[in-house]
Each structure stands twice: as C-alpha cells, then as structure tokens.
Enquirer: 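Encoded as structure tokens, here's the structure I'll be asking about.
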Number of protein chains: 2
Amino acid sequence: MIELDEIDRRILLALARDATQSAGALGRRFGLSQPAMWRRIRRLQEAGAIKGRRLRLNAEALGFGVTVFLGVKLGRKGRASLSDFERAVSAIPEVQTVEHVLGLYDFRLRVVARDLPDFERVLRRRIMTLPGAGEVEANVLLSEERLPGPL
Amino acid sequence: MIELDEIDRRILLALARDATQSAGALGRRFGLSQPAMWRRIRRLQEAGAIKGRRLRLNAEALGFGVTVFLGVKLGRKGRASLSDFERAVSAIPEVQTVEHVLGLYDFRLRVVARDLPDFERVLRRRIMTLPGAGEVEANVLLSEERLPGPL
DNA sequence: GATGAAAACACACCGTA
DNA sequence: TACGGTGTGTTTTCATC
C-alpha cells in the first residue's frame, strides 16, 4: 500500500477529475515548481497509484443512447464455465464492462446500444445465448454521476 | 449525433485505451501527419465526442481493497425525495459512482472501502441512514475488465 | 501537409534538512 | 536519503501558411 502525503492526495484528486492539467499548472496551484510536480506525478505512476489515463467518450453523442446494466446469474453450479462465460461476453462489442462479483449475481455487465430495439437484439442474440447464462436482471441508465472518491 | 469515419473510430478507441499517446505517435500509426491527427482530435473534442481525460486510480494500491456495488430501492413514497437521496449519497466520500436507473432498483452505487469492517461502517452509518433508503442489495467486486466498447 | 513559435516535458545538477 | 529549486535540451502542442 502506497503512502501519500496531503499534496499527493490533492494531485491525484485533481488529475482524476481532469488529466489534461499540466505539471506546471498543477505546480502553480500547489506551490511547487514544474519539475517538482512532475517528479511527484512520475513517482505516483511508478508506485502504481495510477493505472493509466483514459479518454472518456460521450456514448450518447456517438449514437449510443441506451446504457443498460445487467446482472447475470450463471445456470448450473458447474463454475468451470466461469472463464468461458467471461471470455465470450468480453467479445461482444456492445459490452463495455464485465465485473465478476460475489452476491446475488455472478456477473455485472455494462452494455450500450443505439436504442431499445438495438438493445433487444443484443440481449436476445448475444447475451441470452451465452454459454451458461441463466437469470438476467436489467436496469436502464437514466443519469450518472462520477465522484472523486475517498483518498 | 456525430458522424465518424474509420480513422476517427480508431483514434477514439486508441485514446480511450491510453490517452497518453501523442498526436504525432497516433499519426504515424494511422498514416497521418502530426498536425492532421491533432486537428482530428480537436474536432472530435469540439463536436462533443470526448467528455474529458481522466486519471484512472488504482484503488487497491491506495488502500481501498474492497469495492461493492449496491442496488438501492427507495421507500414507498420516496419519489419526491429522489433529488434529496441523490444529493445526500453524492456527499459520501466512499461513493464513487451514483447511477439513477430504471428497473428493480432506483439507484446503483459503486462504493469503495479499506476492508470489509470499513465497508460495514459505511453501509450502516452512511448508506442505510440515507433519507428514503429502502431495500439494499450488494455485490462484492472480485475482478473487473473494461473493454473498448462498440464504435 | 509543412513550418515555426510557444508550451510542456524530462532530466541533470545543486541546495537544504 | 529525501525533497525541492534552477537551468536547459527535447518533445509536443497549436497556429499560420
């Protein structure tokens, strides 16, 4: 586990919100020089605190107006098929996230589609036919808010 | 809705995976000059295809080893208190994502905690006491895979 | 697509505690 | 040893042609 001081925490929170901020700009905000800030960021990367930098796409603007969360329970107790299911579901283009979870369901999927008819197609022809798929529960996304998190 | 050509799609997919790639490097991969690539990226941003660039933090390395998905159903006449609930839940530091959904639950929350005792504290003292909170269902995250998505 | 100025990055070296 | 500052070459960004 990585030890962080107060400045590290502020850096991570600031960059988690907007990773376009330059080391120089961040340094000015926190009273550090550009190289000092840059070294801190590099140290955090090397320590593994940072997994990567990603573009967040606007799915709606790109024609994917429907996002659905699916809870999937696998059929039989033979959980040798866990990996098979995971591999098969990961190959479906419309699936954005595959979460293996413990609880009422075995997997949680985030699925996008152009519209509801398109989602029905994905559900019936791709998801329901997966090896081992049993019960499926669906929640349609209305709105979403991502927060900075603890730290 | 934004129209994309094949190169735009490849740019977005590449940057969604790793936003550290420079316009020059992407241009070389796709056979475009650095300024041409840079202009495409800017055009995609201005068109709204890109919501932003974010750092992905390694919650586990930062001491948050437990991630739990909660499905929350509001109490019977809780519909007037949707906003109240949303505001209150967004103020809990351990809550990373608040999704307002349609279906069996009203909200889906992504919650992180240092360990299971810590999660129990969050659940009992912060979540269960929220205004309007009714049924709560939990799934503990075992592993997660984020995929590029359709396009 | 090419060129070039401005900005940001990335590193070396030095100072302090 | 650990951290920050200064100085500087390199790379990237971004505007103009």
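Numbers restart at 1 for each chain; the letters A, B, ... are given by sequence-line order, proteins then strands. Predicted, not measured: the structure shown is a model, and the values here were computed from it.
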Enquirer: Taking CE from B:M37 and C1' from D:dC14, how many angstroms apart are they, rounded to a whole number?
Expert: 16 Å
Enquirer: Just the rounded figure in Å: distance from C1' of C:dG1 to CZ of B:R40.
Expert: 14 Å
Enquirer: Do B:Q34 and B:R28 pass the side-chain hydrogen bond (donor to acceptor under 3.5 Å, both in side chains) test, and can you show the C-alpha distance, the side-chain angles, and the key distance before you say yes or no?
Expert: CA-CA 8 Å; B:Q34 175 272 321; B:R28 280 188 295 281; over 6 Å; no
Enquirer: A:R43 side chain N/O closer than 4.0 Å to the phosphate oxygens (OP1, OP2) of D:dA2?
Expert: no
Enquirer: Looking for any heavy atom pair under 4.0 Å, which part of the strands does A:S33 touch: base, sugar-phosphate only, or nothing?
Expert: base
Enquirer: Taking the six-membered ring of A:F69, is the NZ or CZ of B:R108 close enough (under 6.0 Å from the centre) and on axis enough (within 45°)?
Expert: yes
Enquirer: By nearest atom, which of the nucleotides D:dT13, C:dG1, C:dT3 is closest to the B:A36 side chain?
Expert: C:dG1
Enquirer: Figure out the CD1/P separation between A:I41 and C:dA8, and round it to whole Å.
Expert: 13 Å
Enquirer: Taking only the side-chain nitrogens and oxygens of A:W38, find out if one of them lies under 4.0 Å from OP1 or OP2 of C:dC9.
Expert: no
Enquirer: Would you compute the distance between atom OH of B:Y105 and atom CG of A:N139 and round it to the nearest 0.5 angstrom?
Expert: 8.0 Å
Enquirer: Would you indicate which nucleotide in D:dA15, D:dT6, C:dA8 comes nearest to any side-chain atom of B:P35?
Expert: D:dA15
Enquirer: Looking only at N and O atoms, is any donor in the side chain of A:Q34 or the base of C:dA10 less than 3.5 Å from an acceptor on the other one?
Expert: yes
Enquirer: Could you tell me how far apart A:I7 (CD1) and D:dC3 (P) are, to the nearest whole angstrom?
Expert: 11 Å
Enquirer: Whole Å only: how far is the CD atom of B:Q45 from the P atom of D:dT13?
Expert: 11 Å
Enquirer: Would you say that more than 12 heavy atoms from the other residues, nucleotides or ligands in this model lie under 6.0 Å from the CD of B:E144, or not?
Expert: yes
Enquirer: Examine A:R114 relative to A:F64 and say whether NZ or CZ is less than 6.0 Å from the centre of the six-membered ring and inside a 45° cone about the ring axis.
Expert: yes
Enquirer: Classify the nucleic acid contact of A:R39 as base, sugar-phosphate or nothing, counting any heavy atom under 4.0 Å across all strands shown.
Expert: base
Enquirer: Starting at CD of A:E3 and ending at P of D:dA2, how long is that distance when rounded to a whole Å?
Expert: 14 Å
Enquirer: Expressed as a whole number of angstroms, how long is the span from A:Q21:CD to C:dA8:P?
Expert: 12 Å
Enquirer: Look at A:R42 and C:dC9 and indicate whether a side-chain polar atom (N or O) is within less than 4.0 Å of OP1 or OP2.
Expert: no
Enquirer: Please report, rounded to the nearest Å, how far the C1' atom of D:dG4 is from the CD1 atom of A:I11.
Expert: 13 Å
Enquirer: Which part of the nucleic acid does A:A25 contact within heavy-atom distance under 4.0 Å: base, sugar-phosphate only, or nothing?
Expert: nothing
